[in-house]
Amino acid sequence: DAGVTQTPRHEVAEKGQTIILKCEPVSGHNDLFWYRQTKIQGLELLSYFRSKSLMEDGGAFKDRFKAEMLNSSFSTLKIQPTEPKDSAVYLCASSLDWGGYAEQFFGPGTRLTVL
Amino acid sequence: GDSVTQTEGQVTVSESKSLIINCTYSATSIAYPNLFWYVRYPGEGLQLLLKVITAGQKGSSRGFEATYNKETTSFHLQKASVQESDSAVYYCALSERGSNYQLIWGSGTKLIIKP
């Protein structure tokens with residue numbers, strides 16, 4: 001069974017550009033998460049989908065970050081416009097039935113550098 | 001608010017020696033915290049190491065153990081004898097069972113094994 005896949009693995013963007021990160025969850029999983037990881041802030045939740053419905057939109061990340069789940073097997077995270085402070089690793093994870101305790105399966109991440 | 005604290009950013013242990021990685025939590029808005037340890041081995045994605053959802057219980061996996069101590073609000077990770085293959089970054093996290101409450105993450109502890 002394939003795990004969570006993320007593309008691209010690395011992305012370099014100029015300030016002000018729009019970038020789209022992609023994620024394919026584990027087949028059959030109902031929950032999908034987008035996280036941002038930086039050395040200073042650690043792991044922060046950006047978005048959470050339950051059966052394709054947006055459950056959590058990340059509060060402070062709302063204005064320039066938009067996650068979508070077009071179908072049960074594909075999600076995108078758009079950052080528009082990018083800023084240098086967005087440089088981070090973006091992780092996608094999925095879970096069969098999260099409920100606050102099920103295992104989350106993580107992808108390898110996309111390392112974003114904004115110049 | 002709710003938080004997880006890992007006081008050591010890096011721990012160095014000699015091979016075959018014992019290990020303890022500290023984790024304490026604050027769960028002011030969570031009635032029934034669930035506690036997790038996730039691990040990221042070099043070149044791999046984050047993966048669940050163990051979890052405990054009941055206070056007083058112990059979880060174990062791959063020779064690692066952690067006991068959910070409600071009195072001291074701690075969930076320290078221990079191993080009796082480490083191996084070089086245990087070199088990784090370990091993350092403590094908490095959530096609330098029965099809800100879609102997000103995972104609250106610690107800052108991570110990098111474990112370095114000396115041969």
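Order of the sequence lines fixes the chain letters, A, B, ..., with proteins taken first and strands second; residue numbering starts at 1 for each chain.
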inquiry  = Would you say B:Ile53 ends up clustered with A:Leu96 if hydrophobic residues are merged whenever their side chains have heavy atoms under 4.5 Å apart, either directly or through other cluster members?
reply    = no
message = For a 4.5 angstrom cut-off between non-hydrogen side-chain atoms, does A:Tyr101 reach B:Lys51?
response = yes
request  = Following the transitive rule for hydrophobic clusters with a side-chain heavy-atom cut-off under 4.5 Å over Ile, Leu, Val, Met, Phe, Trp and Tyr, establish whether A:Ile20 and A:Met69 coincide in one cluster.
outcome  = no
remark   = Closest non-hydrogen contact found for A:Phe106 with B:Leu46 is CB-O, 3.4 Å
ask   = Where on A:Gln104 is there a heavy atom nearer than 4.5 Å to chain B: the side chain, the backbone, both, or neither?
value = both
inquiry  = With a 4.5 Å cut-off on side-chain heavy-atom distances among I, L, V, M, F, W and Y, is there a chain of contacts connecting B:Val4 to B:Ile20?
reply    = no
task = Measure the spacing between CD of A:Gln37 and OH of B:Tyr91 and express it to the nearest 0.5 Å.
result = 4.0 Å
query = With a 4.5 angstrom heavy-atom cut-off, which part of A:Phe33 approaches chain B: side chain, backbone, both or neither?
reply = neither
Same apolar cluster (I L V M F W Y, side chains within < 4.5 Å links), B:Leu49/B:Ile112 = no
Residues, nucleotides or ligands: over 12 heavy atoms within 6.0 Å of B:Glu84 CD = no
inquiry  = Which atoms of B:Leu103 are under 4.5 Å from chain A, going by heavy atoms: the side chain, the backbone, both sets, or neither?
reply    = both
ask   = So if you build clusters from Ile, Leu, Val, Met, Phe, Trp, Tyr with side-chain heavy-atom gaps below 4.5 Å, do B:Phe75 and B:Tyr32 land together?
value = no
inquiry  = Working to the nearest 0.5 angstrom, can you tell me the gap between B:Arg40 CZ and A:Leu91 CG?
reply    = 7.0 Å
